[in-house]
*Asks:* 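Input: one structure, supplied below.
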Amino acid sequence: MGLLSSLRPHRRGSSGGAQAQWQWSFLDAVWAVFLVAVVVFLALVFTPRRGDTLAAPAGAVVPPCAASEVDLLPCEDPRRSSRLSREMNYYRERHCPARGEASACLVPPPPGYRVPVPWPESLHKIWHDNMPYGKIAERKGHQGWMKQEGSYFLFPGGGTMFPDGAEQYIEKLTKYVPLKSGLLRTGLDMGCGVASFGGFLLKENITALSFAPRDSHKSQIQFALERGIPAFLLMLGTRRLPFPAQSFDFVHCSRCLIPFTAYNGSYLIEVDRLLRPGGYLIISGPPVQWKKQEKEWSELQAMAQSLCYKLITVDGNTAIWKKPNQASCLPNQNEFGLDLCSTGDDPDEAWYFKLKKCISKVSLSEEIAVGSIDKWPNRLSKPSARASFMDDGVNLFEADTQKWVKRVSYYKRSLGVKLGTALIRNVMDMNAFFGGLAAAVASDPVWVMNVVPAKKPLTLGVIYDRGLIGVYHDWCEPFSTYPRTYDLIHADGINSLISDPKSGKSRCDLFDVMLEMDRILRPEGTAVIRDSPDVINKAVQVAQSIRWTTQVHDSEPESGSAEKILVATKTF
């Protein structure tokens, strides 16, 4: 007899039957409540959570997330952000779950997902089923953003301010901005749409990092990354953007709708912090000569003038300014109350750092200005003034560069890492230091997101001086990108990413970091992890729990290091 049958009340005679029936019904209810409590308890105990050091016991396999979490963005989750303040778009910035709050599960691909279209074909088309979202095609197709054709989404290269195509728009800008001279290498494309502007600049040897927030169109940045274009999920709201000062050779806004002069000019001040001396600011669309935005346009011109920016041209709805090469011309008399920040301000601090309403003082302005810094590609291999300013910076730079040339050669020759082939386009270096890995693969058909951990020395400025791109990040939190966006993720010294630099104690778990790597790695993508044998042994256990296939190798023979290298592949 089954459990439920044994709990049924037995029938009795008529004498006292009503009372007995009531008594057994009450016991049934007690048993039912008990069973429900047991089920809930077991679910809580055995459903792993991020931050739980026992989340991946030996031999256990992490379960898949619900199908509804196919595009999980832990720090840009509207279920959380909808409860936050809308002032200065605070609710659209990063807001991550507390440690232990998020379930530990593997984000599934959408039905019909397949290995992405390889670069450079992906610039023009991607698989529809990899991102089955047609809102942009429906709403922006007439502006040349994208359209659906059979099993593909096609990208003609248009945008709201350049419906005839990015290439024609770039030709127009080239009349005023030296986009084809080698002088400019790094750009920031704000509010980028599907990043066609950045995509078509790549053939000019210019790397523009495109960003946009999670938005109503759904997945602009996801489309950009699926195309193989450098992109990042980001909102300019109440905080500094996670980049160093004086890093971008130009900043571009094509109908990005950022109110640059609002909040006492906080957003234009942030642009000024990011723009390299001698760099260019390009704004197309509102408020430039825009109907009913005459006041905003006048304020933008006046504030740029207060910063001593030179207005190069106003061509229709496109305005272009050039930032002065020398240090800021402030203090001066201006209607906006602009002044220099105190000497205690570090303009390179940009991880959860509130926007300031003052202009950052930056040393070495003239030495790292556009025109002073070497042209591309020479700047890639030459230590900049910013590197020279660090303790033993030049020697560290040169040693790091040589080390990564040898390591990348070993990866390709002996470890079977498919760098240089059509299988790898989007690459992330989780612990970039001076960007040596990215420099070593500069001739391959890849782009690299160089991540400098926010608790380590702030070397990201040197990376930008080399003509490379990257962001600050803390790996105890999820990264601001969609699932399935990188073909190769590299982690050198993964244990150092979770360790407190002073005490050496772990701030979070290796399991959490590798689960996040799995979220952003494409199916059949590769993870390369370097560390001590003990750490690699732990990493292998976690890798097996998240269904990766693994191989462990010795480090380069000539290095004399006891380090081990884990090469893992994410399975479908």
Side-chain angles (χ1 to χ4, degrees), residues 178-187 201-209 230 243-250 276-279 348 363-413 417 419-420 424-452 456-471 488 490 492 528 530 556 558-559:
L179 293 173
K180 300 185 178 185
S181 66
L183 277 174
L184 306 183
R185 167 64 179 176
T186 61
L201 278 174
L202 288 167
K203 70 176 186 179
E204 307 298 342
N205 282 320
I206 289 177
T207 302
L209 180 52
F243 311 115
Q246 320 277 336
S247 47
F248 293 98
D249 301 340
F250 67 90
R276 189 180 296 276
D348 285 330
S363 58
L364 306 174
S365 291
E366 294 186 31
E367 292 88 341
I368 61 173
V370 172
S372 296
I373 204 160
D374 282 14
K375 290 185 177 182
W376 180 262
N378 293 339
R379 65 192 285 183
L380 180 67
S381 55
K382 184 175 180 181
S384 67
R386 215 166 343 201
S388 304
F389 198 64
M390 299 176 179
D391 289 341
D392 202 30
V394 172
N395 290 332
L396 286 172
F397 180 96
E398 292 176 347
D400 188 68
T401 299
Q402 294 169 11
K403 175 180 72 177
W404 281 105
V405 169
K406 294 176 182 177
R407 285 184 170 185
V408 167
S409 175
Y410 182 63
Y411 289 175
K412 293 178 178 180
R413 184 183 70 252
V417 179
L419 282 163
I424 296 179
R425 170 62 185 169
N426 299 354
V427 178
M428 174 182 284
D429 185 352
M430 296 173 64
N431 191 12
F433 189 45
F434 281 152
L437 169 63
V441 298
S443 60
D444 291 336
V446 302
W447 68 273
V448 180
M449 177 67 85
N450 292 283
V451 182
V452 171
K456 290 198 171 192
L458 303 182
T459 55
L460 193 52
V462 176
I463 289 173
Y464 274 92
D465 290 346
R466 301 185 81 165
L468 306 170
I469 59 172
V471 297
L488 171 66
H490 188 280
D492 182 24
V528 178
R530 304 180 65 107
E556 300 77 12
E558 67 273 14
S559 69

*Asks:* State whether Arg276 and Asp249 are salt-bridged, where the test is any N-O pair (Lys NZ or Arg NE/NH1/NH2 against Asp/Glu carboxylate O) under 4.0 Å.
*Replies:* yes
*Asks:* Sub-3.5 Å donor-acceptor pair from the side chain of Thr401 to the main-chain atoms of Ser381, do we have one?
*Replies:* no
*Asks:* First locate atom OG1 of Thr186, then atom CG of Leu209, and finally report the distance between them rounded to the nearest 0.5 Å.
*Replies:* 9.5 Å
*Asks:* For Leu468 versus Ala438, what's the shortest heavy-atom pair and its separation?
*Replies:* CD1-CB, 3.8 Å
*Asks:* Strictly distance-based, threshold 3.5 Å: is any side-chain N or O of Arg379 a donor or acceptor partner for the main-chain N or O of Tyr464?
*Replies:* yes
*Asks:* Taking Leu488 as the fixed residue, which of Val441, Val427, Asn426 is the one that meets the side-chain contact (heavy atoms from CB on, under 4.5 Å) rule?
*Replies:* Val427
*Asks:* Between Ser384 and Asp465, which heavy-atom pair has the shortest distance, and what is it?
*Replies:* OG-OD2, 2.7 Å
*Asks:* So if I apply the side-chain contact (heavy atoms from CB on, under 4.5 Å) rule between Leu460 and each of Val451, Val452, Ile469, which one comes out positive?
*Replies:* Val452
*Asks:* At what distance, to the nearest 0.5 angstrom, does CZ of Phe248 lie from CG of Leu184?
*Replies:* 13.5 Å
*Asks:* In terms of relative ring orientation, are Phe397 and Phe434 parallel, tilted or perpendicular, with 30° and 60° separating the classes?
*Replies:* tilted
*Asks:* Which heavy-atom pair separates Asp348 from Pro244 by the least distance, and what is that distance?
*Replies:* OD1-CB, 3.6 Å
*Asks:* One thing to verify: whether Arg413 and Glu556 come together as a salt bridge, which I'm taking to mean a side-chain N less than 4.0 angstrom from a carboxylate O.
*Replies:* no
*Asks:* Flag the pair Phe389 / Ile368 as yes when at least one side-chain heavy-atom distance between them is below 4.5 Å, and no otherwise.
*Replies:* no
*Asks:* Would you say the side-chain atoms of Arg185 pair up with the backbone N or O of Asn205, donor to acceptor, closer than 3.5 Å?
*Replies:* yes
*Asks:* When rounded to the nearest 0.5 angstrom, what is the spacing between CD1 in Ile373 and CD in Glu366?
*Replies:* 14.0 Å
*Asks:* Is there a side-chain contact between Lys412 and Asp444 (heavy atoms, below 4.5 Å)?
*Replies:* yes
*Asks:* Would you confirm whether Thr459, through its side chain, and Phe433, through its main-chain N or O, come within 3.5 Å as a donor-acceptor pair?
*Replies:* yes
*Asks:* Any side-chain to backbone donor/acceptor pair from Asp429 onto Asn450? Under 3.5 Å, distance only.
*Replies:* no
*Asks:* Give a yes/no verdict on a cation-pi contact between Arg407 and Trp404, requiring under 6.0 Å between NZ or CZ and the six-membered ring centre and an angle within 45° of the axis.
*Replies:* yes
